[in-house]
Chemist: 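Have a look at this one before I ask anything.
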Amino acid sequence: MRVLVVGGGGREHALCWAIAASPLAEALFCAPGNAGIAGDAVCVPVAADDIDGILRLVRDERIEFVVVGPEAPLVAGLVDRLDAAGVKAFGPTAAAARLEGSKAFAKDLCARYGIPTAPYGRFTGLEAAEAFIEGRPLPIVVKADGLAAGKGVTIAETRDEARAAAREMLAEERFGAAGREIVIEEFLAGEEASFFALVDGETALPLAAAQDHKRVGDGDTGPNTGGMGAYSPAPVVTEEVAERVMARIVRPTVAAMKAEGAPFKGVLYAGLMIEDGEPRLLEYNVRFGDPECQALTVRLASDLLPALVASADGVLDMFDLRWHEDAALTVVMAAKGYPGDYAKGSVIGGLDALPADDGVTVFHAGTKEDGGTIRAAGGRVLGVTALAPSIAKAQRLAYKAVDAIDWPEGFCRRDIGARAIG
Ligand code: AMP
Ligand code: GLY
């Protein structure tokens with residue numbers, strides 16, 4: 001099979017790394033990829049959201065299967081365009097990607113089908129939003145409806161803060177079109193986890209669960225990021241909790257999307273809040289989490305590519321996946337300043353000196369090669385991922401590798417996995 005992976009972050013490096021190992025992959029391309037991905041796939045400089053460019057690439061390279069990493073091209077209809085061109089793809093259509101592309105759509109679906117989530121209201125007008133805020137307990141959560149690169153959520157401790165967030169979105173267009181409608185919902189307490197399932201329109205096959213660390217600083221302090229590290233399994237997602245998530249959230253959602261005429265295919269990522277073993281949905285994403293995907297792929301013992309193809313073909317009911325018993329942990333190394341302004345172009349050394357066989361894989365998230373030198377080219381730059389018999393051991397291995405990387409302009413959290421280790 002001639003395969004194309006769309007995207008260029010740590011998630012896509014992990015996907016390319018797994019797909020390159022598949023006997024089913026005869027040729028592997030990535031658009032646009034990065035310096036690390038270039039070790040596993042032929043990188044082509046086409047942006048992930050350049051849908052016409054991707055279609056041209058698919059035609060020119062006679063691609064037979066496309067794996068779409070990020071949400072933006074999914075929401076923009078890349079899979080619909082590939083379908084129309086007769087090319088098989090892993091990921092949802094634009095209609096199904098509304099689960100992530102519109103929080104109001106996702107919340108309404110939950111309300112109609114009895115899927116547990118926080119009570120909410122949806123608003124396009126500021127007055128109604130302010131009235132809703134008035135009558136609700138604090139803290140209260142204000143969310144832009146559309147895609148906002150993880151920045152569209154405000155957890156307001158006061159009503160003033162909530163009103164200001166609503167005003168910025170609705171009246172001042174802080175997130176442009178993505179914030180012309182907002183969702184305001186009650187705050188959920190508990191422990192967060194990311195739950196992943198492969199879906200083929202009808203059948204959902206649970207993958208492993210993971211936990212990520214969204215804040216930039218140790219002890220969950222500072223601003224939100226795309227994710228500073230992850231580990232899998234997630235101790236809070238016991239077998240019993242996983243069964244509840246499947247029975248109350250994932251399977252009802254898959255059935256609901258089918259009933260709504262927009263069957264979901266691809267990976268369904270449920271962002272959960274779990275309190276006393278009871279899972280509730282925070283939000284849906286329609287793609288793998290990043291960095292969670294990096295921790296998941298190294299734990300997967302089965303070949304990933306046939307599972308992705310089975311999702312596209314609608315035959316997941318005949319599928320089973322095997323996992324390593326071992327735990328995986330990913331430490332993200334980011335450019336100093338991230339998630340605010342940061343410099344690009346600094347040199348990263350020490351990558352070649354890492355031992356190849358000690359259970360550590362360094363996924364690249366934002367790197368460029370320049371005459372044999374690896375340079376930082378993004379905010380999140382590397383995902384140092386370790387596989388070991390326990391989360392504690394994986395943590396030690398990962399930080400040992402982090403400390404062997406020579407990149408003074410980078411930083412990482414030093415407490416990834418701490419909650420699971422206790
Ligand atoms: P989202 O971009 O929707 O994942 O939200 C970003 C983060 O905000 C989540 O990972 C949660 O930590 C937090 N969050 C979102 N909604 C709620 C809620 N209703 N209650 C508590 N925390 C929330
Ligand atoms: N790690 C969170 C996300 O991928 O959205």
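In this text, all values refer to a predicted model and were calculated from it rather than measured experimentally. Ligands are counted one by one from 1 in listed order, and the atoms in each one are counted from 1 as well.
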Chemist: Note the single closest protein heavy atom to atom 3 (C) of ligand 2, along with its residue, its atom name and the distance in Å.
Modeler: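 Sorting protein heavy atoms by distance from atom 3 (C) of ligand 2 puts Arg287 NH1, 3.5 Å first.
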
Chemist: Of the protein's non-hydrogen atoms, which lies at the shortest distance from atom 17 (C) of ligand 1, and what is that distance?
Modeler: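 It is Leu282 CD2, 3.4 Å.
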
Chemist: Does the N or O separation between Arg11 and ligand 2 drop below 3.5 Å for any pair?
Modeler: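 No; the residue has no nitrogen or oxygen that sits under 3.5 Å from a nitrogen or oxygen of the ligand.
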
Chemist: Is there a protein heavy atom less than 4.0 Å away from atom 7 (C) of ligand 1?
Modeler: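 Neighbour list for atom 7 (C) of ligand 1 is empty of protein heavy atoms (cut-off 4.0 Å).
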
Chemist: Could you tell me whether Lys400 and Asp358 have a side-chain N and a carboxylate O separated by less than 4.0 Å?
Modeler: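 Salt bridge between Lys400 and Asp358, a charged N being under 4.0 Å from a carboxylate O: no.
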
Chemist: Looking only at non-hydrogen atoms, which of Glu192, Arg280, Glu283, Met273 approaches atom 12 (O) of ligand 1 most closely?
Modeler: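 Closest candidate by heavy-atom distance is Glu192.
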
Chemist: What protein heavy atom sits nearest atom 5 (O) of ligand 1, and how far off is it?
Modeler: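 Closest protein heavy atom to atom 5 (O) of ligand 1: Val153 CG2, 3.4 Å.
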
Chemist: I need the atoms of ligand 1 closer than 4.0 Å to a non-hydrogen atom of Lys103, numbered in the order shown.
Modeler: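 Near Lys103, the atoms of ligand 1 are 3 (O).
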
Chemist: Pairs of nitrogen or oxygen atoms closer than 3.5 Å, one from Asp212 and one from ligand 2: do any exist?
Modeler: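 N/O-N/O distance under 3.5 Å: yes.
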
Chemist: To which protein heavy atom is atom 16 (N) of ligand 1 closest, and what is the distance rounded to 0.1 Å?
Modeler: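 The closest heavy atom on the protein side is Lys143 NZ, 3.0 Å.
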
Chemist: Is the shortest distance from a Lys or Arg side-chain nitrogen in Asp160 or Arg167 to a carboxylate oxygen in the other one below 4.0 Å?
Modeler: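 Between Arg167 and Asp160 there is no salt bridge, as every charged N stays at least 4.0 Å from the carboxylate O atoms.
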
Chemist: Could you tell me whether some N/O pair between Gly227 and ligand 2 is separated by less than 3.5 angstrom?
Modeler: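 For ligand 2, there is no N or O atom that lies under 3.5 Å from one belonging to Gly227.
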
Chemist: Answer side chain, backbone, both or neither: which part of Leu188 comes under 4.0 Å from ligand 1, heavy atoms only.
Modeler: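 Under 4.0 Å from ligand 1, Leu188 contributes backbone and side-chain atoms.
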
Chemist: Going by the atom numbers of ligand 1, which of them fall below 4.0 Å from some non-hydrogen atom of Lys214?
Modeler: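 Once the distances to Lys214 are compared, the set is 10 (O).
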
Chemist: With a 4.0 Å cut-off, would you call Lys88 and Asp313 a salt bridge?
Modeler: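 Looking at Asp313 together with Lys88, the answer is yes, because their closest N to O distance falls below 4.0 Å.
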
Chemist: Inspect the contact between Glu185 and Lys103 and indicate whether a charged nitrogen and a carboxylate oxygen are less than 4.0 angstrom apart.
Modeler: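 So Lys103 does not pair with Glu185 through a salt bridge.
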
Chemist: Do Thr203 and Asp317 meet the criterion of a side-chain donor-acceptor pair at a distance under 3.5 Å?
Modeler: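 Side chains of Thr203 and Asp317: no pair found under 3.5 Å.
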
Chemist: Start with the C-alpha distance between Phe90 and Val66, add both sets of side-chain angles, then the distance that settles side-chain contact (heavy atoms from CB on, under 4.5 Å), and finish with yes or no.
Modeler: CA-CA 6 Å; Phe90 175 77; Val66 180; over 6 Å; no

Chemist: Using a 4.0 Å cut-off to any heavy atom of Gly226, which atoms of ligand 2 qualify?
Modeler: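 Heavy-atom distances to Gly226 below 4.0 Å select 1 (N), 2 (C).
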
Chemist: Show the atoms of ligand 2 that are less than 4.0 angstrom away from any heavy atom in Gly289.
Modeler: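 Close to Gly289: 4 (O).
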
Chemist: To the nearest 0.1 Å, how far is atom 13 (C) of ligand 1 from its closest protein heavy atom, and which atom is that?
Modeler: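 Among all protein heavy atoms, the one nearest atom 13 (C) of ligand 1 is Ile155 CD1, 3.6 Å.
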
Chemist: Do NZ/NE/NH1/NH2 and the carboxylate oxygens of Glu192 and Lys214 come within less than 4.0 Å?
Modeler: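 Yes.
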
Chemist: With atoms numbered from 1 as shown, which atoms in ligand 1 lie under 4.0 angstrom from a non-hydrogen atom of Phe187?
Modeler: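 Atoms satisfying the 4.0 Å criterion: 20 (N), 21 (C), 22 (N).
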
Chemist: Any nitrogen or oxygen of Asn285 lying under 3.5 Å from a nitrogen or oxygen in ligand 2? Just yes or no.
Modeler: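 In fact, backbone or side chain, Asn285 has no N or O that close.
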
Chemist: Got a salt bridge between Glu186 and Lys143, using NZ or NE/NH1/NH2 to carboxylate O under 4.0 Å?
Modeler: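 Looking at Glu186 and Lys143, the cut-off is not met.
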
Chemist: Could you tell me whether Glu71 and Arg287 have a side-chain N and a carboxylate O separated by less than 4.0 Å?
Modeler: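 Yes, this pair counts.
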
Chemist: Which one holds for Glu283 and ligand 2: side chain close, backbone close, both close, or neither close, with close meaning a heavy atom under 4.0 Å?
Modeler: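 No part of Glu283 comes within reach of ligand 2.
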
Chemist: Less than 4.0 Å between a side-chain N and a carboxylate O, is that true for Lys107 and Asp145?
Modeler: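 Salt bridge between Asp145 and Lys107, a charged N being under 4.0 Å from a carboxylate O: no.
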
Chemist: Going by the atom numbers of ligand 1, which of them fall below 4.0 Å from some non-hydrogen atom of Glu185?
Modeler: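 Numbered from 1, ligand 1 contributes 16 (N), 17 (C), 18 (C), 19 (N).
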
Chemist: For Arg248, is there an ion pair with Glu278 - N to carboxylate O distance below 4.0 angstrom?
Modeler: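 Arg248 and Glu278: salt-bridged.
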
Chemist: Do the non-hydrogen side-chain atoms of Tyr284 and Leu268 ever get within less than 4.5 Å of each other?
Modeler: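 Tyr284 reaches Leu268 side chain to side chain.
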
